[in-house]
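One-based numbering, in listed order, for ligands and for the atoms of each. Since we're looking at a predicted model, the values are computed, not measured.
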Amino acid sequence: MKIGVIGLGYVGLPLAVEFLEAGHEVVGVDVDQRRVQAIAEGVSDIEDIPSERLRAVLDRFTASTRYADLANVEAAIMAVPTPLSRNREPDLGPLVSAGRSLAEVLRRGQLVVLESTTYPGTTRERLVPLLEESGLAAGVDFNVAYSPERVDPGRTDYTLRNTPKVVGGLTGACLERALEVYGEVCDQLVPVSTPDAAEMAKLLENIFRSVNIALVNELAMLADRMGMDIWEVVDAAATKPFGFMRFDPGPGMGGHCLPVDPFYLTWRAREFDMPTEFIELAGEVNQAMPYFCVEKIAGALNEHAKAVRGSKVLIIGVSYKPGVGDLRESPALKMIRLLRDRGAEISYSDPYVAELAEHDLVSRPLEPELEACDCAVIVTHHPGLDFDKVLATAPLVVDFRGVTRGKTAPNLVRL
Ligand SMILES: NC(=O)c1ccc[n+]([C@@H]2O[C@H](COP(=O)([O-])OP(=O)(O)OC[C@H]3O[C@@H](n4cnc5c(N)ncnc54)[C@H](O)[C@@H]3O)[C@@H](O)[C@H]2O)c1
């Protein structure tokens with residue numbers, strides 16, 4: 001088959017590579033000229049796709065900025081961003097723009113699948129009318145489906161191949177066609193009755209995580225006030241073999257998905273006169289975590305007779321989660337801003353993030369920084385970091401990830 005992938009980011013590039021590795025041809029379209037150029041040269045900036053893996057399939061991969069190159073594909077899969085606007089409402093700008101451009105080249109018999117996370121109704125109410133500007137009728141002249149991406153960047157045990165894939169078609173025939181296409185790269189397919197059901201399923205998955213992370217974060221703040229160790233409590237509760245699912249507290253939620261997607265549903269729910277209180281509350285608790293963490297750092301410095309102002313604070317790990325360099329919505333960025341507002345001198349060390357241009361910082365080698373700082377803050381526990389050494393070297397360590405759990409030391413403070 002010849003497959004089109006629109007948007008070659010964290011979702012689109014791995015998807016393209018899976019189809020290529022399954023023996024198909026792929027045309028990838030992205031508006032980012034630099035990204036297209038890099039991919040065409042076999043250079044990947046997505047951790048899950050090392051450049052060697054991309055180069056091994058490059059002969060069947062056309063990366064382009066031109067939608068016209070999609071004219072001959074059998075299926076076009078859209079993986080463009082779905083962010084929030086400044087006033088935290090769905091920003092369908094990239095989706096609308098991609099839909100319009102695709103409509104200009106759409107051909108009879110093609111399948112269009114949306115993978116971007118969005119509110120229920122987007123495929124039917126927003127995407128289909130755009131595609132029909134082509135003069136072709138959805139469900140008659142071309143097929144339309146929605147299938148949410150479930151990729152967890154940095155994860156190797158569950159991939160596109162062995163993660164069940166939910167698919168909802170506009171019509172029965174649309175669903176059948178989408179199942180055929182995804183059957184080439186996924187072992188287990190989960191058909192649902194409509195695109196709306198598939199859109200809502202994805203939001204349920206993300207909201208479930210957001211709410212549970214907020215719950216354990218709230219308990220972490222309470223445990224802190226009660227002088228209890230939240231990590232010991234979570235470890236103990238997690239031994240229950242049924243009816244409990246483990247979530248760890250931390251400095252706050254990051255990434256493109258969890259801080260953003262739930263609010264797509266909140267926005268949609270307003271149309272149905274229904275406030276989504278769990279979603280709002282989880283958002284509030286998770287957004288408050290960086291503020292709580294900064295207070296914790298200030299308290300730790302105070303115990304060591306130091307003020308935040310003028311103290312050298314080393315942030316260990318600035319991406320939003322271990323093993324990736326993704327900075328989107330990372331709580332570390334908010335903490336850096338808050339600490340700087342209070343006069344701290346910030347440095348950071350992160351093997352996955354070479355620079356923070358907007359903060360005018362570059363990643364420093366860990367060891368000299370540990371010796372030079374007043375306080376080392378463990379924000380993201382990247383694999384391979386030696387936290388025993390951190391504890392042995394830094395004058396003061398604040399651990400927001402529980403990597404020092406079970407340990408006590410005069411220079412250690414833990415969430
Ligand atoms: N990253 C994840 O872990 C993840 C997981 C599941 C679902 N999702 C969802 O998948 C979607 C894509 O996310 P991502 O993380 O891959 O984003 P990304 O920013 O990494 O990649 C999106 C790409 O789309 C391109 N793009 C933007 N507008 C375009 C247009 N009009 N035409 C063509 N290309 C365009 C961008 O240049 C970028 O390269 C989002 O809806 C997101 O919520 C992401």
Taking only Lys NZ, Arg NE, NH1 and NH2, and the carboxylate oxygens of Asp or Glu, determine whether Asp32 and Arg34 approach each other closer than 4.0 Å.
no
Counting heavy atoms only, which of Asp30, Asp261, Asp32 comes nearest to atom 36 (C) of ligand 1?
Asp30
To check your reading of the model: name the closest protein heavy atom to atom 24 (O) of ligand 1, its residue, and the distance in Å.
Gly7 CA, 3.3 Å
Counting both backbone and side chain atoms, is some N or O of Glu149 under 3.5 Å from an N or O of ligand 1?
no
The closest protein heavy-atom partner of atom 31 (N) of ligand 1 is Ser97 OG, 3.3 Å
Could you tell me which atoms of ligand 1, counted from 1 in the order shown, lie closer than 4.0 angstrom to a heavy atom of Pro153?
3 (O)
Do the side-chain N and O atoms of Asn162 and Asp187 include a donor-acceptor pair separated by under 3.5 angstrom?
no
Under 4.0 Å between a side-chain nitrogen and a carboxylate oxygen: does that hold for Glu232 and Arg414?
no
Can you list the ligand 1 atoms lying under 4.0 Å from a non-hydrogen atom of Lys202?
6 (C), 7 (C)
Can you give the donor-acceptor pairs under 3.5 Å from side chains of residues 208-215 to other protein atoms, not counting sequence neighbours?
| unit_1 | atom_1 | unit_2 | atom_2 | d |
| --- | --- | --- | --- | --- |
| Asn212 | ND2 | Phe208 | O | 2.7 |

Given Thr118, Asp48, Asp152, Val151, which one has a non-hydrogen atom that is nearest to atom 5 (C) of ligand 1?
Val151
Answer with yes or no whether the side chains of Ser64 and Asp69 bring together a donor and an acceptor at under 3.5 Å.
yes
Does a salt bridge link Asp374 with Lys312, judged by any charged N lying under 4.0 Å from a carboxylate O?
no
Residue Pro94 vicinity, atoms of ligand 1 by number, heavy atom under 4.0 Å
28 (N), 31 (N)
Does Arg124 come within less than 4.0 Å of Asp196, counting only side-chain N to carboxylate O?
yes
Proximal candidate to atom 35 (C) of ligand 1 [heavy atom criterion; set Val31, Val11, Val324]
Val31
Look only at interatomic distance and state if Tyr67 has a nitrogen or oxygen under 3.5 Å from any nitrogen or oxygen of ligand 1.
yes
Just need the protein heavy atom nearest to atom 21 (O) of ligand 1, so name the residue and atom and give the distance.
Gly9 CA, 3.2 Å
I need the nearest protein heavy-atom contact for atom 11 (C) of ligand 1: residue, atom name and distance, please.
Val80 O, 3.4 Å
Charged N to carboxylate O under 4.0 angstrom, Arg268 versus Glu125?
yes
Counting both backbone and side chain atoms, is some N or O of Cys257 under 3.5 Å from an N or O of ligand 1?
no
Of all the non-hydrogen atoms in the protein, which one sits nearest to atom 7 (C) of ligand 1, and at what distance?
Thr117 OG1, 3.5 Å
Under 4.0 Å from a heavy atom of Thr82: which atoms of ligand 1 are those, numbered in the order shown and with their elements?
40 (C), 41 (O), 43 (O)
CD (Glu271) with more than 12 external heavy atoms under 6.0 Å:
yes
Test: Arg108 and Asp141 ion pair at under 4.0 Å
yes
Within a distance under 4.0 Å of any heavy atom of Arg328, pick out the atoms of ligand 1 and give their elements.
1 (N), 15 (O), 17 (O), 18 (P), 19 (O), 20 (O)
Does either side chain, that of Thr82 or that of His256, offer a donor lying less than 3.5 Å from an acceptor on the other one?
no
What are the atoms of ligand 1, with element, lying closer than 4.0 Å to any heavy atom of Arg35?
38 (C), 39 (O)
Should Lys407 and Asp399 count as an ion pair when the cut-off is N to O under 4.0 Å?
no
At what distance is the nearest protein heavy atom to atom 27 (C) of ligand 1, and which residue and atom is it?
Pro81 CD, 3.5 Å
Does either side chain, that of Glu199 or that of Thr123, offer a donor lying less than 3.5 Å from an acceptor on the other one?
yes
Region of Ala79 that comes within reach of ligand 1 [heavy atoms, distance under 4.0 Å]
backbone
Starting from atom 1 (N) of ligand 1, what is the nearest protein heavy atom, named by residue and atom, and what distance separates them?
Tyr10 CB, 3.5 Å
Which residue and atom name correspond to the protein heavy atom nearest atom 43 (O) of ligand 1, and how close is it?
His256 CE1, 2.9 Å
